[in-house]
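Structure record follows, encoded as structure tokens.
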Amino acid sequence: MGVLTDTIRMQYLNNVKMDLEYKIQLVTQTRMGLTQTGNDLMQIGTDYDPDSPIVKTLQQRQAKLKLLEQKLEQQMIQYQTRLKMVETELASCRQRLDKNIQHAFSY
């Protein structure tokens, strides 16, 4: 019975692991896009007078992008922490499954 339970649990954990890895990939891609957008805003701002309202608007938008990037970084850390937890539980489940198989087939 332990073999079946551990097998099902491993399948579930593998699905959770793949989902977390996908979310981490999406966050990474989004952060790269935000960084590029922020850099583009800075290049555009160099064409204008530093005291112009356009530059101030661009700076505000850049600050908002930085805040969004920080939030994404926090989310990335949460996903990575959860991924480590899942990987640890998956390794434990594999060990338990190996023990159950060895016990079931030793005469």
Side-chain angles (χ1 to χ4, degrees):
M1 187 64 160
V3 173
L4 181 61
T5 304
D6 286 336
T7 303
I8 292 170
R9 182 71 180 159
M10 283 182 60
Q11 288 175 346
Y12 169 75
L13 290 172
N14 277 324
N15 288 339
V16 171
K17 180 182 172 187
M18 288 189 309
D19 185 50
L20 287 170
E21 288 171 344
Y22 177 71
K23 287 178 181 179
I24 288 171
Q25 181 182 9
L26 289 178
V27 169
T28 301
Q29 289 173 349
T30 303
R31 285 184 61 210
M32 286 178 16
L34 285 175
T35 301
Q36 183 62 39
T37 302
N39 291 339
D40 292 346
L41 284 176
M42 284 307 294
Q43 289 177 356
I44 292 171
T46 59
D47 296 341
Y48 296 103
D49 179 38
D51 296 329
S52 77
I54 294 172
V55 171
K56 296 200 185 297
T57 303
L58 290 174
Q59 289 173 343
Q60 289 174 349
R61 288 181 181 168
Q62 186 182 22
K64 287 179 184 179
L65 287 174
K66 285 205 180 278
L67 284 175
L68 184 56
E69 191 174 352
Q70 289 173 352
K71 287 180 183 179
L72 286 172
E73 174 68 24
Q74 297 268 331
Q75 191 175 35
M76 172 84 89
I77 291 169
Q78 289 175 350
Y79 287 151
Q80 287 173 338
T81 302
R82 288 175 54 196
L83 182 61
K84 286 179 186 176
M85 291 170 37
V86 167
E87 286 173 342
T88 302
E89 187 176 353
L90 191 57
S92 174
C93 192
R94 280 189 187 120
Q95 289 175 349
R96 205 171 44 246
L97 180 62
D98 289 344
K99 259 188 212 176
N100 285 336
I101 291 173
Q102 185 178 15
H103 179 70
F105 290 103
S106 61
Y107 299 110

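Here, residue 1 is the first one in the sequence, and each next residue gets the next number.
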Does I77 share a hydrophobic cluster with L34, counting links as ILVMFWY side-chain heavy atoms below 4.5 Å and allowing steps through other members? no
Are M76 and L67 in one and the same hydrophobic cluster, where Ile, Leu, Val, Met, Phe, Trp and Tyr link if side-chain heavy atoms are under 4.5 Å apart? no
- Task: Mind running side-chain contact (heavy atoms from CB on, under 4.5 Å) on N15 and M18 for me, showing each step along the way?
- Result: CA-CA 5 Å; N15 288 339; M18 288 189 309; 3.7 Å; yes
Here the pair of heavy atoms bringing M10 nearest to L90 is O-CD1, 3.9 Å
Residues two or more places apart in sequence or in another chain: which of them pass side chain to side chain donor-acceptor pair (under 3.5 Å) with [X]?
X   : value
Q29 : none
R61 : none
E89 : R9
E69 : T35

Less than 4.5 Å apart, side chain to side chain, heavy atoms only: is that true for L72 and Q75? yes
**Message:** A quick test of your reading: do over 12 heavy atoms of other residues, nucleotides or ligands sit less than 6.0 Å from CZ of R82?
**Reply:** no
In this structure, are over 12 heavy atoms from other groups packed under 6.0 Å from E87 atom CD? yes
Residues at least two apart in sequence or cross-chain that pass side-chain contact (heavy atoms from CB on, under 4.5 Å) with R96, listed by chain then number, are D6, S92, C93, N100
Discussion item. Within the 3.5 Å criterion, strictly below it, is a donor on Q36 or D40 matched to an acceptor on the partner's side chain?
Written reply: yes
Between [atom1] of [X] and [atom2] of [Y], what distance do you get to the nearest 0.5 Å?
X   : Y   : atom1 : atom2 : answer
R31 : Q70 : CZ    : CD    : 10.0 Å
R94 : L13 : CZ    : CG    : 9.0 Å
E73 : Q78 : CD    : CD    : 11.0 Å

Determine all donor-acceptor pairs shorter than 3.5 Å in which one atom belongs to a side chain in residues 19-27; sequence neighbours excluded.
{"unit_1": "D19", "atom_1": "OD2", "unit_2": "K23", "atom_2": "NZ", "d": "3.4"}

